[in-house]
Trainee: 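Would you mind keeping the following structure in view while I ask a few things?
All values below were derived from every heavy atom in this structure, side-chain atoms included, with hydrogens, water molecules and symmetry-related copies excluded.
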Amino acid sequence: MESLKAKQQAEHASCDNWVQNCTDEILPDFVTRSLQLGSGYNNPDPHDAPYVRVLSEIESAVQRDPSADIIRHDVSNAIINHINYTKQPFHDEQEKVRKEIQMTKKYLREKDELVVTRADKGKTVVVMKRDEYNEKMQTLVNDRETYEPITSDPTKRTLKRINAIIDVWHEKGFIQYSERTKLKIFNCNPP
């Protein structure tokens, strides 16, 4: 029993390192907890489901189907079960997290001088003063040994070359059609 408690404390301690506060600002606990979740965290509100739109689209899809009434009945049961499921007590923790995230957003909007960003490496979230962040970014971008100004965006040209190579691989039998389809990209953003 004691080892389980020690393990939980160690896991919690590792979370404390996920937010690096580089300011003299003392962040409220709810802000730190929300930021520890990371940028990829998703906690959708089960009550915001677009039920009316879903029902409308289902109705238009099944209008001419002879078993439309059975489909309507099954869909209604599925939605009612979902609504009842989201009212279960174990959703209270998700609701608490959702409220803390909303409070964090409000706090950060009010504290416009703070910037929240990801560290270059790892999943650490960094909180900095906006002026310091802008200064560091300008220093980084103006480093002519690392970066070179370009007159046009080479992304589309590079994309065409990559897709041409993928086509050649497919023609020579190095990859299957399905792999070719997965590898080819038509819209992308520069890094």
Trainee: Mind checking whether Tyr133 and Thr117 have side chains closer than 4.5 Å, heavy atoms only?
Mentor: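 Yes, at least one pair of side-chain atoms sits under 4.5 Å.
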
Trainee: What heavy-atom pair brings Ile166 and Lys184 nearest, and what distance separates the two atoms?
Mentor: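 In terms of heavy atoms, the two residues are closest at CG2-CG, 3.7 Å.
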
Trainee: Honestly curious: do Leu108 and Val126 fall in one hydrophobic cluster under the side-chain, below-4.5 Å linking rule?
Mentor: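 Leu108 does not cluster with Val126.
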
Trainee: Distance-only, no hydrogens or angles: does the Asn163 side chain make a donor-acceptor pair with backbone N or O of Ile185 under 3.5 Å?
Mentor: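 Such a contact is found between Asn163 side chain and Ile185 backbone.
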
Trainee: Hey, what do you get for CG (Asn187) to CG (Leu159), rounding to the nearest 0.5 Å?
Mentor: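 It is 8.0 Å, given to the nearest 0.5 Å.
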
Trainee: Do Leu35 and Trp18 have side chains that get closer than 4.5 Å, going by heavy atoms?
Mentor: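 Side-chain contact under 4.5 Å: no.
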
Trainee: How about Ile150: does its CD1 atom have over 12 heavy atoms from other parts shown lying under 6.0 Å from it?
Mentor: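 Check passes, neighbour count above 12.
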
Trainee: Once you round to the nearest 0.5 Å, how far does CZ of Arg109 lie from OG1 of Thr104?
Mentor: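 The CZ atom of Arg109 sits 10.5 Å away from the OG1 atom of Thr104.
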
Trainee: Would Lys106 and Glu110 count as a salt bridge (charged side-chain N to carboxylate O under 4.0 Å, His left out) here? Give the steps.
Mentor: CA-CA 6 Å; Lys106 182 179 182 216; Glu110 291 170 356; 3.8 Å; yes

Trainee: Quick one: does Val125's side chain get under 4.5 Å of Val116's, heavy atoms only?
Mentor: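 Val125 reaches Val116 side chain to side chain.
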
Trainee: In Å, rounded to the nearest 0.5 Å, how long is the span from OG of Ser178 to CG of Leu183?
Mentor: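 Nearest 0.5 Å value for the OG-CG distance: 9.5 Å.
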
Trainee: Going by heavy atoms in the side chains, are Tyr177 and His170 under 4.5 Å from each other?
Mentor: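 A side-chain contact under 4.5 Å exists here.
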
Trainee: Under a plain distance cut-off of 3.5 Å, with no hydrogens placed, do His73 and Asn77 share a side-chain donor-acceptor pair?
Mentor: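 Side-chain D/A pair, Asn77 to His73: present.
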
Trainee: Counting only heavy atoms not in Ile70, do more than 12 fall under 6.0 Å of its CD1?
Mentor: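 Atom CD1 in Ile70 is not crowded, with 12 or fewer foreign heavy atoms closer than 6.0 Å.
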
Trainee: What's the spacing between Asp112 CG and Arg130 CZ if we round to 0.5 Å?
Mentor: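 Reported value, rounded in 0.5 Å steps: 5.0 Å.
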
Trainee: Can you tell me if Asn21 uses its side chain to pair, donor with acceptor, with the backbone of Glu25 under 3.5 Å?
Mentor: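 Present.
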
Trainee: Walk me through whether Met128 and Gln20 qualify under side chain to side chain contact (heavy atoms under 4.5 Å, CB included).
Mentor: CA-CA 9 Å; Met128 300 176 72; Gln20 183 68 40; over 6 Å; no

Trainee: Under the side chain to side chain contact (heavy atoms under 4.5 Å, CB included) rule, what do Cys22 and Val127 come out as? Steps first, then yes or no, please.
Mentor: CA-CA 6 Å; Cys22 299; Val127 181; over 6 Å; no

Trainee: Rounded to the nearest 0.5 Å, what's the gap from CG on Leu27 to OG on Ser34? Could you check?
Mentor: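 Taking CG in Leu27 and OG in Ser34, the distance rounds to 11.0 Å.
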
Trainee: Do the non-hydrogen side-chain atoms of Arg144 and Pro149 ever get within less than 4.5 Å of each other?
Mentor: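 A side-chain contact under 4.5 Å exists here.
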
Trainee: For Lys129 and Asp24, which heavy atoms make the closest approach, and how far apart are they?
Mentor: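 It is CE-OD1, 3.7 Å.
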
Trainee: Would you indicate whether the side-chain heavy atoms of Arg180 and Asp167 approach each other to under 4.5 Å?
Mentor: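 Contact flag for Asp167/Arg180 side chains = yes.
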
Trainee: Would you call Lys111 and Glu113 a side-chain contact if the rule is heavy atoms closer than 4.5 Å?
Mentor: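 When only atoms from C-beta onward are counted, Glu113 and Lys111 do touch, with a gap below 4.5 Å.
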
Trainee: Would you check if Arg33 and Leu37 make a side-chain contact, meaning some heavy-atom pair closer than 4.5 Å?
Mentor: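 Side-chain contact under 4.5 Å: no.
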
Trainee: Okay, side chain of Glu179, backbone of Gln176: is any donor-acceptor separation there less than 3.5 Å?
Mentor: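 Side chain of Glu179 to backbone of Gln176, a donor-acceptor pair under 3.5 Å: yes, one is there.
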
Trainee: Report whether Val168 and Ile162 are members of the same hydrophobic cluster (ILVMFWY, side-chain heavy atoms less than 4.5 Å apart, transitive linking).
Mentor: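 Result: no, two separate clusters.
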
Trainee: Which heavy atom of Ile26 sits nearest to which heavy atom of Tyr107, and what is that distance?
Mentor: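 That would be O-OH, 4.0 Å.
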
